[in-house]
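Not measured: the values here are computed from a predicted model.
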Amino acid sequence: PEGPYYREGVPVRDELNVTAESGTPLVFQGRVLGPECAALSADFEVVIWHARQDGTYDFTGTDFQGYGRVQPAADGTFCVSTL
């Protein structure tokens with residue numbers, strides 16, 4: 001998983017608002033499927049990162065505000081809470 005805002009060491013968690021910033025809560029849920037709509041293997045991860053409300057990313061903070069990794073359930077579903 002690479003991209004311009006990807007960071008190494010992103011923690012496994014499903015709550016991304018770790019610094020208790022204020023804003024509108026958002027629940028992001030989905031289902032990851034492989035070929036022929038089959039759920040992917042158990043070792044698959046979803047890595048999520050997003051900007052703060054002011055459009056900046058947490059590039060240097062140790063709390064990884066707005067970043068997280070989740071492992072989908074056996075049926076491929078996942079759910080993440082953020083702002």
Side-chain angles (χ1 to χ4, degrees):
E2 295 181 17
Y5 304 108
Y6 178 75
R7 291 180 61 189
E8 292 291 331
V10 173
V12 174
R13 62 179 171 208
D14 59 6
E15 173 56 61
L16 305 187
N17 183 24
V18 295
T19 60
E21 292 183 7
S22 61
T24 304
L26 171 70
V27 175
F28 179 69
Q29 57 187 2
R31 186 171 184 208
V32 180
L33 299 174
E36 300 181 27
C37 295
L40 296 173
S41 65
D43 62 346
F44 185 80
E45 287 185 323
V46 175
V47 181
I48 298 172
W49 64 90
H50 63 82
R52 293 182 170 110
Q53 292 185 74
D54 66 2
T56 62
Y57 286 82
D58 179 9
F59 288 122
T60 59
T62 57
D63 53 24
F64 287 87
Q65 173 71 16
Y67 288 76
R69 294 184 296 139
V70 294
Q71 185 171 7
D75 66 354
T77 58
F78 66 93
C79 183
V80 175
S81 298
T82 190
L83 296 178

[X] vs [Y] side-chain heavy atoms within contact, under 4.5 Å:
{"X": "V12", "Y": "V70", "result": "no"}
{"X": "L83", "Y": "L26", "result": "no"}
{"X": "C79", "Y": "F28", "result": "no"}
{"X": "V18", "Y": "R13", "result": "yes"}
{"X": "D14", "Y": "S81", "result": "no"}
{"X": "I48", "Y": "Y67", "result": "no"}

Could you measure the distance from the CG atom of L16 to the CD atom of Q65? Nearest 0.5 Å is fine. 8.0 Å
Euclidean distance, R69 CZ relative to F64 CZ, rounded to 0.5 Å: 9.5 Å
Determine, stepwise, if the pair T77 / Q29 fulfils side chain to side chain contact (heavy atoms under 4.5 Å, CB included). CA-CA 7 Å; T77 58; Q29 57 187 2; over 6 Å; no
Please name the pair of heavy atoms, one in P72 and one in V32, separated by the smallest distance, quoted to 0.1 Å. CG-CG2, 4.4 Å
Same cluster (ILVMFWY, side-chain, under 4.5 Å), F44 and F78: yes
Tell me, which pairs form a salt bridge (Lys or Arg N to Asp or Glu O under 4.0 Å) where one or both residues lie in residues 48-58, sequence neighbours left out? R7-D58, E21-R52
Run the side-chain contact (heavy atoms from CB on, under 4.5 Å) test against A51 and tell me which residues pass, sequence neighbours left out. Y57
Tell me if a side-chain donor or acceptor on E45 pairs with a main-chain N or O of V47 at a distance below 3.5 Å. no
Can you confirm if the aromatic rings of Y5 and F59 lie within a centre distance of less than 6.0 Å? yes
